[in-house]
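One structure is given here, and the rest of the page talks about it.
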Amino acid sequence: MQLSEQEILRRENMQQLRELGIDPYPPEAFEVTAYAKQVKEGFKDGEGETPNFQEVSLSGRLMGSRVMGKASFAELQDTTGRIQVYIARDEICPGEDKDLYNKVFKKLLDIGDFIGVKGFAFRTRMGEITIHVKELTVLSKSLKPLPVVKRDEEGNVYDAFTDPEQRYRQRYVDLTVNPEVREVFLKRSKLISAMRRYFDGQGWLEVETPILQPIHGGAAARPFATHHNTLDMPLYMRIANELYLKRLIVGGFDGVYEIGKMFRNEGMDRTHNPEFTSMEIYIAYKDYNWMMAMVEELLEYIAKAVTGGTQVEYEGKMINYAGPYRRLSMYDSIKEYTGIDISEMDEAALRQTCKSLHIEVDSSMGKGKLIDEIFGEKVEEHLIQPTFITDYPIEMTPLAKKHRSVEGLVERFELFVNGKEIANAYTELNDPIDQRERFEDQLKLAERGDEEAMALDEDFLRSLEYGMPPTSGLGIGIDRLTMLMTDKHSIQEVLFFPQMRPQKKQEGEPGAEPGAEA
RNA sequence: GAGUCCGUAGCUCAGUUGGCUAGAGCACUUGACUUUUAAUCAAGGGGUCCUGGGUUCGAGCCCCAGCGGACUCACCA
């Protein structure tokens with residue numbers, strides 16, 4: 001592998017450290033007693049106050065230094081942020097031997113190296129809270145130069161590390177030099193933990209169900225197929241976990257939820273990654289009306305936990321997550337945005353309506369799909385504030401219970417925010433006879449050419465025959481919800497490691513894969 | 001999958017109608033400097049111009065193909 005000039009220099013610096021008796025990768029733990037943010041926010045040196053943080057120990061990456069002869073300022077970046085450190089030659093080298101300053105600090109340390117410092121906090125003439133270093137320890141040498149992103153006092157960024165490909169492929173670099181990226185993932189983590197906390201507080205049980213499934217049920221999507229050698233059978237990466245969670249309701253749990261990865265072998269773009277995180281929850285003895293109220297409470301709780309408030313800006317629009325949200329039936333929403341009442345139309349009339357609205361259709365589309373097309377084309381984009389769309393045509397929803405009062409509809413809602421679906425819920429179908437018929441209708445759609453039609457799962461039907469209590473279920477796309485809560489407009493920005501094409505191997509560099517050097 | 005744009009130093013980017021040895025800032029090296037902060041000052045090193053063909057006296061630039069990426073559109077969450 002061809003090393004750059006700077007990589008060679010860093011290796012030489014590492015060697016010289018060894019020659020000075022300094023292990024560039026010491027095994028000992030380094031005791032940390034304070035963090036950058038903590039010191040910067042908590043330091044007191046006002047009138048009549050005794051300064052605190054007078055004996056602290058911090059560690060982190062060296063992210064820049066300003067050497068002025070016998071004294072220097074450097075930037076130390078730990079997990080909480082950056083703090084300035086002051087290093088004076090005669091402080092860290094009290095004796096005759098000035099090597100630690102003149103050689104180690106000035107020559108052999110590089111940007112990106114992990115160091116530990118012990119000293120005391122003070123305020124410089126310029127007013128910056130700084131650690132006055134008494135002891136300096138090398139903790140880990142960095143052999144590859146990091147991009148150096150500079151910021152001036154107005155917050156302007158120079159030489160930003162912004163290339164999306166490099167940022168996603170080398171997320172560790174992105175996280176090191178772009179502090180705002182780290183914030184997004186902290187929020188993602190807060191979002192998931194808030195959700196979990198909310199569910200656990202209700203007494204619902206977090207469960208795990210199979211990722212490798214013999215039948216890819218519960219949703220309409222193309223799966224990843226794999227093969228189990230010992231059983232010599234095909235297995236599919238799950239596209240949904242719905243049918244397994246319902247089996248657990250059959251088995252007697254009143255509330256179960258799972259937060260986990262789903263896998264769909266479909267296109268990739270700024271809202272789709274082949275694997276994505278979804279939360280599904282099923283609560284016995286509830287219906288979709290109850291579930292809407294729960295979602296309102298949940299999202300308000302999450303918004304507060306993640307952003308501190310219920311108003312969250314997205315793409316310049318202020319989204320209000322405080323409930324209650326507007327509730328609108330699918331037919332009413334279409335009437336509102338097109339002026340057309342489709343509630344009494346048959347398939348031919350719907351097809352004609354699509355034509356008049358300039359919506360492309362094909363012969364494989366049934367009644368439900370046609371309605372979905374109209375909705376997707378004419379309504380979705382208008383649903384900016386959180387809005388529940390309720391009561392979907394039965395054809396497109398084979399796992400939901402028939403509507404209690406309107407023929408041809410099911411008890412389903414989707415929650416739309418900023419024109420995008422972020423939650424989907426039903427009053428679950430628990431009538432095993434009806435469920436079998438619905439699966440059979442799906443098979444007919446499949447024969448007609450609908451590639452997304454759902455497969456029939458005999459074991460699931462068997463479980464329903466034993467009896468499932470009335471139940472409401474809900475699914476939420478965690479990645480998309482994270483996008484909304486962090487004002488990020490592509491899914492890659494909320495996934496640490498979004499799926500990428502394989503990296504082109506460099507010539508003479510068979511170990512281009514990460515980790516191959518180790 | 002379709003369209004548009006892009007690929008030059010470790011990073012961010014210039015590079016004219018094709019014309020001398022391919023440039024800048026940061027980073028790096030050497031030197032000066034004991035409260036600086038995008039530190040400053042002086043000097044210096046660093047390039048497979050994505051890859052492979054082609055046109056040409058001559059290609060970073062033009063043509064063809066490929067690889068990789070970004071954006072927009074279509075489908076799934």
Side-chain angles (χ1 to χ4, degrees), chain A residues 2-10 12-13 63-75 82-91 101 106-107 110-112 122-128 130 132 143-170 173 177 219-223 239-240 261-280 360 372-373 376-377 414 420-424 451-452 475-481 483 489-492 500-508:
Chain A
Q2 196 66 42
L3 292 178
S4 69
E5 179 195 28
Q6 292 190 44
E7 287 173 313
I8 292 165
L9 274 162
R10 282 172 180 236
E12 287 171 5
N13 289 346
M63 293 302 283
S65 63
R66 297 175 285 279
V67 178
M68 288 154 302
K70 298 178 189 66
S72 303
F73 289 92
E75 299 290 326
R82 286 192 187 188
I83 191 163
Q84 179 169 266
V85 297
Y86 173 73
I87 300 175
R89 187 192 67 183
D90 298 336
E91 296 274 349
Y101 184 78
K106 277 172 70 176
K107 307 282 183 196
D110 293 299
I111 288 176
F122 76 109
R123 197 181 294 270
T124 66
R125 239 183 254 161
M126 304 300 288
E128 179 145 350
T130 301
H132 187 123
L143 296 182
K144 251 178 148 43
L146 286 166
V148 175
V149 179
K150 297 212 169 195
R151 288 172 176 77
D152 66 18
E153 60 269 20
E154 276 121 48
N156 299 314
V157 179
Y158 300 83
D159 301 324
F161 180 67
T162 55
D163 177 37
E165 183 189 4
Q166 291 199 65
R167 287 183 48 232
Y168 303 153
R169 283 196 198 280
Q170 302 188 51
V173 174
V177 305
R222 292 169 58 195
I239 55 173
K261 288 281 179 75
M262 304 297 154
F263 307 85
R264 298 191 181 176
N265 204 344
E266 291 169 343
M268 291 162 58
D269 60 26
R270 73 174 197 291
T271 55
H272 296 88
N273 195 64
E275 59 183 279
F276 63 99
T277 302
S278 110
M279 186 293 302
E280 289 213 21
E360 280 185 35
D372 192 39
E373 290 291 321
E377 283 293 318
E414 292 188 317
K420 304 268 166 48
E421 179 208 332
I422 64 152
N424 182 22
E451 288 181 14
E452 296 167 1
I476 294 180
I478 298 293
D479 311 291
R480 292 188 179 177
L481 185 58
M483 288 165 66
H489 312 134
S490 85
I491 198 168
Q492 288 81 10
M500 306 284 284
R501 277 199 175 73
Q503 200 162 9
K504 192 174 67 171
K505 279 187 183 169
Q506 304 289 309
E507 205 172 326

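The sequence lines fix the lettering, A, B, ..., with proteins before strands; numbering per chain opens at 1. This is a predicted model, so every value here is computed, not measured.
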Within the 4.0 Å heavy-atom criterion, would you say [X] contacts the bases, only the backbone, or no part of the nucleic acid?
X       : value
D269(A) : base
V157(A) : nothing
N13(A)  : nothing
N424(A) : nothing
E5(A)   : base
R151(A) : sugar-phosphate

Taking OP1 and OP2 of [N], is either one under 4.0 Å from a side-chain nitrogen or oxygen of [X]?
X       : N      : value
R10(A)  : G10(B) : no
K150(A) : C11(B) : no
K70(A)  : U34(B) : yes
R125(A) : U36(B) : yes
R66(A)  : U36(B) : no

Now, which nucleotide makes the Watson-Crick or G-U wobble pair with [N], with each of the two distances under 3.5 Å?
N      : value
U48(B) : none
G58(B) : none
A2(B)  : U72(B)
U40(B) : A32(B)
C20(B) : none

* To do: Tell me whether F73(A) is stacked on the nucleobase of A39(B), counting only the six-membered base ring and applying the 5.5 Å and 30° thresholds.
  => no

Would a 4.5 Å heavy-atom cut-off, applied to side chains only, mark [X] and [Y] as touching?
X       : Y       : answer
F276(A) : T271(A) : no
T277(A) : D479(A) : yes
T130(A) : H132(A) : no

* Ignoring hydrogens and angles, does a donor from either the side chain of Q84(A) or the base of U36(B) sit under 3.5 Å from an acceptor on the other? ->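 Checked by distance alone, the answer is yes.
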
* Between T124(A) and M126(A), is there a donor-acceptor pair closer than 3.5 Å when you use the side chain of the first and the backbone of the second? -> yes

Using the [atom1] atom in both, what is the distance from [N] to [M], to the nearest Å?
N      : M      : atom1 : value
A9(B)  : G46(B) : P     : 15 Å
U48(B) : A22(B) : C1'   : 14 Å
A74(B) : C6(B)  : C1'   : 23 Å
A43(B) : U4(B)  : C1'   : 46 Å
U56(B) : C67(B) : C1'   : 26 Å

* **CZ-CE distance between R270(A) and M483(A), expressed to the nearest 0.5 angstrom** =>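 Going from CZ on R270(A) over to CE on M483(A), the span is 7.0 Å.
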
* Asked: If you check the R270(A) side chain, which of C11(B), C73(B), U29(B) turns out closest?
  ->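 Nearest listed nucleotide: C73(B).
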
* Among A27(B), A38(B), C11(B), which nucleotide sits nearest the side chain of Q166(A)? ->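 For the Q166(A) side chain, the nearest candidate turns out to be C11(B).
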
* To do: On RNA chain B, check which nucleotide each of E266(A) and D159(A) is closest to and give me the residue with the more 5' one.
  =>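 Here D159(A) is the residue nearer the 5' end.
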
* To do: Name the residue closer to the 5' end of RNA chain B, choosing between S490(A) and K106(A) according to the nucleotide with the nearest heavy atom.
  =>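 Per heavy-atom nearest nucleotide, the more 5' residue is K106(A).
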
* Asked: What closest approach, in Å, do M262(A) and A240(A) show between heavy atoms, and which atom pair accounts for it?
  ->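 So the minimum-distance heavy-atom pair works out to SD-CA, 3.6 Å.
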
